[in-house]
Amino acid sequence: DHPTGAWIIIAIHSTRLGPGTGGTRMQTYSDFNAALQDTLRLSESMTYKFAIPDMPYGGAKAVIAVPHTLDTPFRSELLKRYGKLIKQLGGLYLTGPDVGTSAEDMDIISETGNPYVFSRTPSAGGSGSSGPYTALGVFAAIQTACEFLFGSNSLHNRSVLVQGAGSVGRTLISHLQQAGAEIYFNDINTDIITRLENQGLHFIPSEQIYSTECDIFSPCALGGVLNAETIPQLNCRAIVGGANNQLTEPADADKLRDRNILYAPDYVVNIGGAMAILGLEVQGWTIKQAEAEVSANIKRALKQVLALSAKENITTEDAARRIAKKRLVDST
Ligand code: PHE
């Protein structure tokens with residue numbers, strides 16, 4: 001994009017189950033190749049994400065790699081040019097929000113990208129932000145993990161560390177509060193930290209995140225947080241979070257298993273946003289229905305993954321991958 005110097009990358013990983021669908025991520029990368037690799041990996045996860053609950057969508061993702069934070073008018077014009085690209089693809093690619101974009105941004109993109117843009121604001125005719133639905137699904141998955149580990153899905157006095165109190169993390173925190181959990185959180189935004197500390201939540205500084213003792217560690221910020229450096233530090237029983245691509249490499253799933261830490265594969269538990277938004281906007285679900293579908297589908301999927309992992313003696317990541325791949329193969 002010449003006027004801003006941004007790169008716009010749209011990766012379509014699979015259209016086997018339906019149109020390539022995924023959020024639009026806007027952030028700064030060290031170089032073009034880092035942005036490209038991130039888009040490709042994220043688009044692949046979307047394929048498995050939709051395959052697991054048998055949704056008729058394929059995997060895709062877009063990254064708008066901006067050289068620096070853009071002023072509003074430049075940003076809006078860039079989003080409109082991106083919308084034109086979406087339109088040109090004629091329905092091969094559908095999008096919604098992701099890290100760095102909001103429902104308000106979807107309104108702008110849809111000016112030129114209509115009707116392939118989801119999760120617009122309610123005043124623009126959309127169903128609003130997808131984050132709260134993602135959070136609801138992560139909450140349901142945390143309950144399922146507790147049931148598996150402790151024999152009860154109650155979160156009363158269970159300690160949960162939420163990494164990132166953004167669009168997903170902040171709603172997850174309120175569900176956890178209502179459920180009586182003991183909540184720890186981390187964020188890098190000082191306003192957010194102050195607000196949550198004022199509500200009585202315990203802030204964990206970034207350098208202590210991985211080593212803090214807790215029942216559930218919930219990554220809800222960026223990907224790549226589980227790796228050779230962080231896994232040995234972990235002091236939790238399970239990892240259940242909303243962030244995409246939490247594992248830095250496939251071998252990290254084995255490292256978690258060796259440490260006896262239950263890993264709920266990210267794409268199994270973070271489908272709530274896309275599921276609810278597409279259900280509301282394509283299938284005409286009510287909000288109540290969307291919430292019920294998200295909770296029920298994610299609980300069912302995670303239980304199936306845990307059962308297969310135990311039965312076949314494979315990691316939860318491998319189990320989830322098998323289920324997703326089978327769906328993709330069976331669909332032909
Ligand atoms: N950010 C969502 C995800 O990673 C993508 C999405 C949101 C897709 C809303 C469609 C609608 O799953």
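Positions are given from 1 along the sequence. First listed ligand is number 1; within each ligand, the first listed atom is number 1.
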Pairs under 3.5 angstrom, nitrogen or oxygen on both sides, ligand 1 versus protein: list them out, please.
from: ligand 1; atom 1: 1 (N); to: Pro97; atom 2: O; distance (Å): 2.8
from: ligand 1; atom 1: 1 (N); to: Asp98; atom 2: OD1; distance (Å): 2.8
from: ligand 1; atom 1: 4 (O); to: Lys49; atom 2: NZ; distance (Å): 3.0
from: ligand 1; atom 1: 4 (O); to: Lys61; atom 2: NZ; distance (Å): 3.1
from: ligand 1; atom 1: 4 (O); to: Asp98; atom 2: OD1; distance (Å): 3.3
from: ligand 1; atom 1: 4 (O); to: Asn244; atom 2: ND2; distance (Å): 3.2
from: ligand 1; atom 1: 12 (O); to: Lys49; atom 2: NZ; distance (Å): 2.7

Identify whether the distance between the nearest side-chain nitrogen and carboxylate oxygen of Glu312 and Arg322 falls below 4.0 Å.
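Salt bridge between Glu312 and Arg322, a charged N being under 4.0 Å from a carboxylate O: yes.
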
Closer than 4.0 angstrom, basic N to acidic O: yes or no for Arg75 and Asp105?
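The answer is yes: the pair qualifies as a salt bridge.
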
Tyr116 side chain near Leu89 side chain, heavy-atom distance below 4.5 Å:
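Not in contact.
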
Please, which pairs that meet salt bridge (charged side-chain N to carboxylate O under 4.0 Å, His left out) have at least one residue in residues 192-216, sequence neighbours excluded?
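Checked against salt bridge (charged side-chain N to carboxylate O under 4.0 Å, His left out) - neighbours excluded - the pairs reaching residues 192-216 are Arg158-Asp215.
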
What pairs with Asp252 under side chain to side chain donor-acceptor pair (under 3.5 Å), at least two apart in sequence or on another chain?
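Testing Asp252 for side chain to side chain donor-acceptor pair (under 3.5 Å), a comparison that skips the adjacent residues, returns Lys255.
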
With sequence neighbours left out, which residue pairs that include part of residues 161-175 fulfil the side chain to side chain donor-acceptor pair (under 3.5 Å) condition?
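Sorted result for residues 161-175: Gln163-Tyr210.
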
